[in-house]
Every structure is written in C-alpha cells, then in structure tokens.
Amino acid sequence: MTETFTGNFTQQEPIPEEAIEAAVAVMRSGRLHRYNTAAGEAGETALLEQEFAEMTGARYALAVASGGHAISTALRAVGVRPGDRVLSNAFTLAPVPGAIAAVGAEPVYVGVTEALVIDIADLESKLDRARVLLLSHMRGHICDMDRLMALCNDAGIIVVEDCAHTMGARWNGVISGRHGAIGCYSTQTYKHVNSGEGGLLVTDDADMAARATMLSGSYMLFDRHIAGPGAEAYAEVKYVTPNISGRMDNLRAAILRPQLRALEAQCAAWNARYAAVEAGLRDTPGLQIVERPGAERFVGSSIQFLLPDWDAGKIGDVLRRCAGRGVELKWFGDAEPRGYTSRYDSWRYAPSAPMPRSDRVLRSIMDMRLPLTFSVDDCALIARIIRAEVSAVFQSGVA
Ligand SMILES: *Cc1c(COP(=O)(O)O)cnc(C)c1O
C-alpha cells in the first residue's frame, strides 16, 4: 500500500479561546489604538511589552507592526544610515535584506555552512566592511553565539538579531535575541505566536530603546510604555528621531498575551514533531541530516535536510513525488524565487558577489514546515514518505 498524507502544511492551530475572549473585550471597548487607554488602564500593548521583557529578561521591550518593521527599526536605532553597509546572512528570507533596504543601506552577505548557520570564518574576513551585523537565525539554526559575539565585540561590531524563527530558543542557556544589542521577533501567523502580523524587539540599551520607541510612532506618549526607558532617555532623542509609524495595536496584543504564556509548551510540541521526522529520515541514502549542536535549544517549527550535490532535475523529481503523496517540500536552492523561498542572488535590488561554497549548500537545502496541527504520528508518516521517495530517486542513479 502506498501511504499518502492529507494534512495541510499551512494550517496553524486556532487562536486559544482565552485570547479570543481578550480580543473581543478590546473590540467591545473600541480602544484598539495602543495609546487610547481608559484612566488607570495600561492597555494590552503595554502589558504585552512588559510580559515579553520579563520573559526574555530584557530591560526594555517594544511591540511593532511586523517582524520586518522590528528589524528596520532596530537598524535605525543602532545608527545605520543611508548608504551604510550591513553584514547579514546569505541564507535568510526576503524581509531581512528588505529591512536593510528600508533604511537605505546595502547588505554585505556572509556565507552559510552545512549546519545552516552563518559561516563565522567568512564573517571574520568581512568584519572591516561594516559596523553592524544583522544576524538571522534562519529556520531556527543558531551558530556558536559565544564565538560570534567574542569576534564582533572585539571588532566593535553591533549585532542585531533576527529571531523570527527562534522565539523560545536558547544558545548555551541564553535566550535567543539576548546576545546582541537588539533582538527582533515576528508574531506573524507562521512564526511561534500568531497575531496575523506583528513584531517585538528587546534591548538593555536605554538610548536604543528610546529611539526605537520614537521611531515606532509614539507621538510623545512614550511615558505610556511600561517596558520602556525613563523620560531622561528621551531628552534629546525625542527631537531628532522621526516617527515612522509601525505600532502594535491592542487587538493583536490581546491575542498574543495568552500565547506567550503557552510558548514553552508549544516549543516542546514542535520539538516532538521535529524529532519524529528527524528519526524517520536518519540514514536515508543520499540525504544529509542537519545535526544540531548540544548548546542549541532550538524550536523545531520547521525542519531542513540536505540533498548534497544532487542535480536540479533529481531534486525536482523528489519535490514532485513527495507532493504527489501530500508532502509539501520547499527547495531553497531553486533559481526561481517561489513562495517563501529565495536566494540572495534573487534580491536584485541589493548587489551580491557570487559565493560558490554557500551556493553549493543553498542548492541542497530542502525545507518543510511542521505546523502543530500535525500529530507526532503524522510526522512519522511524512518522514516515511520522504524517505521512500528520496531513496527511489537516489537509487535511480545520481551522478
Ligand atoms: C518572517 C520572517 C521575518 C519577519 O517577518 P514579518 O513577516 O515581517 O513579520 C524576518 N526574518 C525571517 C527569517 C523571517 O522568516
């Protein structure tokens, strides 16, 4: 019997009832704007920020309209100016170079290793080209953060972290987003908490927090931010920082607060699914597992594996055969950007130099989402299907 899978790879869980009730209460109040609060009321957005700061151990937190907006706000807040260069990952998603472009800066791409993390040796060779690194923990893979931070601190490089895929993750016990000067998160539907759109940033730096708050569009109402710095941090900043509106609203914040409380349990559920797929794929001929270091406590909301040095036609066969059995894989190496995949050389607004070693890795990356609407048994079935199809194509003769 040929097994097929009938689940939907883009179907997330429903919003928890408690969050729905909180959202309905905000709608009944009519006070959706974060600064539209009743006397003595903090507002859902300010409370979300307070709770996120507590959760991450950061001094300050700010909620904004999207993860991409959090990143561009962070870049502006650390002083990136039009025409500057910003170091960033060659393996990432479009909002990352997009955030660099949004501030009028240009990326200097740093390569990717077979572990799917930034190539620290390549980074080392490019440290003199910029003063800021926008580090994307793409698909939740975390590099050796102790080594990276030591390098960047020595070179005077400011690190901004893109934690769109690492909310809830840690490196060596340190929460992802807490190594660099600013950590940025997304609350968009396909990330670890779901408000449709949304973003958060955290920092311990009062000046950066004040700038980010002004940038987000605070209309001189910064004293309403429970998780923001004191008025003294704004003394100068409030006159010299443009308002680039991109606030979070109370409706989204209300939806997010109960989800944050459930994050740990959700992460455990993702990792159980990840483990089932990984176990099922191990020792498949022609397929390389992406091994995870012991210091990395990741969140397995998606899984990647490599088909190293396969030709494009064979990879296409695997994609088609898996799709025919209900398993939706994404190929990051595809020359044509499709859906959520794209390569650094397809972002043609930002110049790039060829990176042959990274290209070889990128060409081999297969990616699959693991929504929590899948059971652990579903994940074992998915792995059996991939294993069978990869083996069949591989044995039909690769190079
Ligand atoms: C989703 C995502 C972001 C931020 O995305 P928004 O859709 O703007 O919230 C940033 N980086 C990566 C790698 C992402 O996948």
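In what follows, residues are counted from 1 in the order of the sequence shown. Not measured: the values here are computed from a predicted model. Numbering of ligands and ligand atoms starts at 1, following listing order.
- Ring-plane geometry between His192 and Trp270 is classed as tilted, the angle between the planes lying from 30 to 60 degrees on a 0 to 90 degree scale.
- When the heavy-atom distances from atom 8 (O) of ligand 1 to Ser195, Ala70, Gly68, Pro97 are ranked, the shortest goes to Gly68.
- Looking only at protein heavy atoms, the nearest one to atom 9 (O) of ligand 1 is Ser186 OG, 2.7 Å.
- Listed by number with element, the atoms of ligand 1 under 4.0 Å from a non-hydrogen atom of Ala164 are 2 (C), 3 (C), 10 (C), 11 (N), 12 (C), 14 (C).
- Taking the centre of each ring, Tyr35 and His225 come in below the 6.0 Å mark.
- Considering both main-chain and side-chain atoms, Arg139 never comes within under 3.5 Å of ligand 1 through any nitrogen or oxygen pair.
- Among all non-hydrogen protein atoms, the one lying nearest atom 15 (O) of ligand 1 is His165 NE2, 2.7 Å.
- Heavy-atom contacts of Val96 reach the following atoms of ligand 1: 11 (N) (cutoff under 4.0 Å).
- With respect to the salt-bridge test (charged N to carboxylate O, under 4.0 angstrom), the residues Glu3 and Arg384 qualify.
- At under 3.5 Å, a nitrogen or oxygen of Lys191, whether backbone or side chain, sits near a nitrogen or oxygen of ligand 1.
- Annotation for Arg261 and Glu18: closest pair NH2-OE2, 2.9 Å, computed over non-hydrogen atoms.
- The nearest protein atom to atom 7 (O) of ligand 1, hydrogens excluded, is given as Gln188 NE2, 2.9 Å; this is a heavy-atom distance.
- The minimum heavy-atom distance linking Val132 with Ile157 is given by the pair C-CG2, 4.0 Å.
- Between Phe374 and Phe5, the ring centre distance stays below 6.0 Å.
- Atom numbering of ligand 1 starts at 1 in the shown order; those under 4.0 Å from a heavy atom of Ser66 are 8 (O), 9 (O).
- Considering backbone and side-chain N/O of Asp162, one or more are found under 3.5 Å from N/O of ligand 1.
- Note: an N/O pair closer than 3.5 Å links Gly67 and ligand 1 by distance alone.
- The pair Asp84-Arg81 fails the salt-bridge criterion, with no side-chain N (NZ, NE, NH1 or NH2) lying under 4.0 Å from an Asp/Glu carboxylate O.
- Taking a 4.0 Å cut-off on heavy atoms, Pro95 registers as neighbouring ligand 1.
- A 6.0 Å sphere centred on CD of Glu13 holds more than 12 heavy atoms belonging to other residues, nucleotides or ligands.
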